[in-house]
Amino acid sequence: HDRPRDRPGGIDIEIGRGAVEAFRSNHQPVFRPDAADGHGLHHGPEYGRAPFGCHARGPRLWCGHPNGPQMFTLDSRLAEDTFPVTRLGLCEVRLMDDPSWPWLILVPALPDIREITDLVRDDRMRLTEEIVQAERVLQRLYSPDKLNVAALGNMVPQLHVHVIARRTDDPAWPRPV
(Lines give C-alpha, C1' and ligand atoms only; values in the text may rest on other atoms or scores of the structure.)
Protein backbone atom coordinates (compact mmCIF):
# COMPACT_ATOMS: atom_id res chain seq x y z
CA HIS A 1 0.00 0.00 0.00
CA ASP A 2 1.31 3.41 -0.91
CA ARG A 3 -0.74 5.85 1.09
CA PRO A 4 0.07 8.72 3.41
CA ARG A 5 0.22 7.61 7.06
CA ASP A 6 -1.17 10.91 8.34
CA ARG A 7 -4.66 10.02 7.24
CA PRO A 8 -6.48 6.71 6.73
CA GLY A 9 -6.55 5.51 3.12
CA GLY A 10 -9.98 4.09 2.32
CA ILE A 11 -11.09 3.91 5.92
CA ASP A 12 -14.35 5.41 7.11
CA ILE A 13 -13.13 8.22 9.36
CA GLU A 14 -16.32 8.09 11.44
CA ILE A 15 -15.73 4.40 12.26
CA GLY A 16 -12.29 5.31 13.58
CA ARG A 17 -13.46 8.34 15.55
CA GLY A 18 -16.41 6.44 16.97
CA ALA A 19 -14.23 3.56 18.15
CA VAL A 20 -11.70 5.89 19.76
CA GLU A 21 -14.38 7.88 21.56
CA ALA A 22 -16.24 4.75 22.64
CA PHE A 23 -13.12 3.25 24.16
CA ARG A 24 -12.27 6.54 25.88
CA SER A 25 -15.78 6.91 27.26
CA ASN A 26 -15.47 3.52 29.01
CA HIS A 27 -12.48 4.86 30.99
CA GLN A 28 -10.83 1.47 30.70
CA PRO A 29 -7.19 1.38 31.72
CA VAL A 30 -4.71 1.77 28.90
CA PHE A 31 -0.94 1.67 28.77
CA ARG A 32 0.98 4.76 27.75
CA PRO A 33 4.75 4.29 27.30
CA ASP A 34 5.57 7.96 27.88
CA ALA A 35 3.72 8.19 31.20
CA ALA A 36 5.07 10.46 33.89
CA ASP A 37 6.41 7.71 36.16
CA GLY A 38 8.66 6.27 33.41
CA HIS A 39 7.19 2.78 33.70
CA GLY A 40 4.15 3.16 31.49
CA LEU A 41 1.96 3.74 34.51
CA HIS A 42 -0.28 6.72 34.72
CA HIS A 43 -2.75 6.89 37.54
CA GLY A 44 -5.40 9.06 35.91
CA PRO A 45 -8.78 7.57 34.94
CA GLU A 46 -7.72 6.83 31.34
CA TYR A 47 -4.41 5.09 31.98
CA GLY A 48 -3.52 1.80 33.60
CA ARG A 49 -0.53 -0.50 33.64
CA ALA A 50 1.56 -2.25 31.06
CA PRO A 51 0.80 -5.90 30.26
CA PHE A 52 1.92 -8.37 32.93
CA GLY A 53 5.70 -8.61 33.13
CA CYS A 54 6.28 -5.56 30.93
CA HIS A 55 7.65 -2.08 31.44
CA ALA A 56 8.34 0.94 29.27
CA ARG A 57 11.74 2.24 28.32
CA GLY A 58 11.11 5.40 26.34
CA PRO A 59 8.58 4.70 23.58
CA ARG A 60 9.30 0.94 23.58
CA LEU A 61 7.52 -1.76 25.52
CA TRP A 62 9.83 -4.35 27.11
CA CYS A 63 8.50 -7.61 28.47
CA GLY A 64 9.87 -10.34 30.71
CA HIS A 65 11.12 -13.39 28.84
CA PRO A 66 13.16 -16.47 29.86
CA ASN A 67 16.02 -15.18 27.70
CA GLY A 68 15.90 -11.65 29.13
CA PRO A 69 13.74 -8.63 28.27
CA GLN A 70 12.16 -8.69 24.85
CA MET A 71 10.56 -5.80 22.98
CA PHE A 72 7.03 -6.10 21.62
CA THR A 73 6.98 -5.24 17.94
CA LEU A 74 3.82 -5.09 15.88
CA ASP A 75 4.00 -7.27 12.78
CA SER A 76 4.66 -5.10 9.72
CA ARG A 77 1.57 -6.41 7.90
CA LEU A 78 -0.66 -5.42 10.80
CA ALA A 79 1.02 -2.02 10.97
CA GLU A 80 0.47 -1.51 7.24
CA ASP A 81 -3.18 -2.63 7.15
CA THR A 82 -4.46 -1.04 10.37
CA PHE A 83 -4.54 2.21 12.31
CA PRO A 84 -4.07 2.57 16.09
CA VAL A 85 -7.18 3.21 18.19
CA THR A 86 -6.04 2.78 21.82
CA ARG A 87 -4.09 0.60 24.21
CA LEU A 88 -5.97 -1.52 26.73
CA GLY A 89 -4.44 -3.41 29.65
CA LEU A 90 -3.05 -6.18 27.44
CA CYS A 91 -3.86 -5.38 23.84
CA GLU A 92 -3.18 -2.71 21.32
CA VAL A 93 -6.50 -2.00 19.59
CA ARG A 94 -6.27 -1.22 15.89
CA LEU A 95 -8.81 -0.41 13.18
CA MET A 96 -8.64 -2.38 9.94
CA ASP A 97 -8.22 -0.24 6.83
CA ASP A 98 -11.36 -1.56 5.15
CA PRO A 99 -14.34 0.77 4.73
CA SER A 100 -16.78 -2.13 4.24
CA TRP A 101 -17.02 -3.20 7.89
CA PRO A 102 -16.42 -1.84 11.38
CA TRP A 103 -13.41 -4.08 12.05
CA LEU A 104 -11.18 -3.97 15.12
CA ILE A 105 -7.98 -5.93 15.64
CA LEU A 106 -6.72 -6.67 19.16
CA VAL A 107 -3.01 -7.49 19.42
CA PRO A 108 -1.61 -8.61 22.78
CA ALA A 109 1.40 -6.34 23.39
CA LEU A 110 3.71 -9.20 24.28
CA PRO A 111 6.66 -10.53 22.28
CA ASP A 112 6.70 -13.91 20.55
CA ILE A 113 3.02 -14.79 21.06
CA ARG A 114 1.50 -16.83 18.25
CA GLU A 115 -1.37 -18.68 19.92
CA ILE A 116 -3.82 -17.96 22.72
CA THR A 117 -2.31 -20.95 24.53
CA ASP A 118 1.04 -19.09 24.57
CA LEU A 119 -0.48 -16.59 27.03
CA VAL A 120 -0.34 -17.18 30.77
CA ARG A 121 -3.72 -17.76 32.41
CA ASP A 122 -4.15 -14.17 33.63
CA ASP A 123 -3.37 -12.79 30.16
CA ARG A 124 -5.82 -15.24 28.53
CA MET A 125 -8.52 -14.00 30.89
CA ARG A 126 -7.57 -10.37 30.19
CA LEU A 127 -7.67 -11.03 26.42
CA THR A 128 -11.18 -12.43 26.77
CA GLU A 129 -12.31 -9.35 28.72
CA GLU A 130 -10.79 -7.02 26.14
CA ILE A 131 -12.51 -8.92 23.31
CA VAL A 132 -15.81 -8.44 25.15
CA GLN A 133 -15.02 -4.74 25.55
CA ALA A 134 -14.37 -4.42 21.79
CA GLU A 135 -17.62 -6.28 21.06
CA ARG A 136 -19.57 -3.90 23.29
CA VAL A 137 -18.07 -0.88 21.57
CA LEU A 138 -19.05 -2.20 18.13
CA GLN A 139 -22.52 -3.18 19.39
CA ARG A 140 -23.13 0.27 20.83
CA LEU A 141 -21.89 2.10 17.72
CA TYR A 142 -23.29 -0.08 14.92
CA SER A 143 -26.04 -2.39 16.29
CA PRO A 144 -24.77 -5.27 14.13
CA ASP A 145 -26.79 -8.39 13.36
CA LYS A 146 -23.76 -10.52 14.28
CA LEU A 147 -20.26 -10.03 15.65
CA ASN A 148 -17.50 -12.17 14.16
CA VAL A 149 -14.54 -12.90 16.45
CA ALA A 150 -11.56 -14.86 15.16
CA ALA A 151 -7.87 -15.47 15.76
CA LEU A 152 -6.67 -17.12 12.56
CA GLY A 153 -3.05 -16.17 11.97
CA ASN A 154 -2.60 -17.94 8.64
CA MET A 155 -1.09 -14.85 7.00
CA VAL A 156 0.23 -13.04 10.10
CA PRO A 157 1.55 -15.43 12.76
CA GLN A 158 1.58 -12.80 15.55
CA LEU A 159 -1.45 -13.39 17.76
CA HIS A 160 -4.19 -10.95 16.87
CA VAL A 161 -7.95 -11.18 17.24
CA HIS A 162 -10.41 -9.83 14.67
CA VAL A 163 -13.67 -8.36 15.99
CA ILE A 164 -15.96 -7.49 13.08
CA ALA A 165 -19.46 -6.03 13.15
CA ARG A 166 -21.58 -7.74 10.48
CA ARG A 167 -25.00 -6.97 9.06
CA THR A 168 -27.25 -9.21 7.00
CA ASP A 169 -27.14 -6.60 4.22
CA ASP A 170 -23.32 -6.25 4.12
CA PRO A 171 -21.51 -7.07 0.84
CA ALA A 172 -20.24 -10.50 1.96
CA TRP A 173 -23.10 -11.77 4.14
CA PRO A 174 -23.19 -14.62 5.16
CA ARG A 175 -19.66 -15.48 3.99
CA PRO A 176 -16.60 -14.67 6.13
CA VAL A 177 -14.54 -11.54 5.43
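We number each residue from 1, following the sequence as shown. All of these numbers come straight from a predicted model, not from anything done at the bench.
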Donor-acceptor contact present, side-chain Gln158 to main-chain Pro111, <3.5 Å: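 Pair absent, no side-chain N/O of Gln158 close to backbone of Pro111.
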Any donor-acceptor N/O pair, Arg166 side chain to Arg175 backbone, under 3.5 Å: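 Pair found, side chain donor or acceptor close to backbone of Arg175.
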Are any non-hydrogen side-chain atoms of [X] and [Y] less than 4.5 angstrom apart?
X	Y	result
Val149	His162	no
Arg114	Leu159	no
Asn148	Pro176	no
Leu88	Gln133	yes
Phe83	Asp97	yes
Arg167	Trp173	no
Ile164	Leu104	no
Trp101	Val177	yes

Atom pair [atom1]/[atom2] of [X] and [Y] - distance to nearest 0.5 Å:
X	Y	atom1	atom2	value
Leu106	Thr86	CG	OG1	10.5 Å
Ser100	Asp170	OG	CG	8.5 Å
Asp81	Met155	CG	CE	10.0 Å
Asp118	Asp123	CG	CG	11.5 Å
Met96	Thr82	CE	OG1	7.5 Å

Cluster link Val132 to Ile116, ILVMFWY, side chain under 4.5 Å: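 No, because Val132 and Ile116 fall into different hydrophobic clusters, even though each may have its own neighbours under 4.5 Å.
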hydrophobic_cluster_shared for Val107 and Met125, side chain cutoff 4.5 Å: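 Result: no, two separate clusters.
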Minimum heavy-atom distance between [X] and [Y], given as atom pair plus value:
X	Y	value
Ile105	His160	CG2-CB, 3.8 Å
Leu127	Pro108	CD1-CG, 4.3 Å
Arg94	Leu78	NE-O, 4.0 Å
Arg124	Leu119	NH1-O, 2.6 Å
Glu92	Phe72	OE1-CE2, 3.9 Å

Which residues share a side-chain contact (heavy atoms from CB on, under 4.5 Å) with Glu129, sequence neighbours left out: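 Applying side-chain contact (heavy atoms from CB on, under 4.5 Å) to Glu129 gives none.
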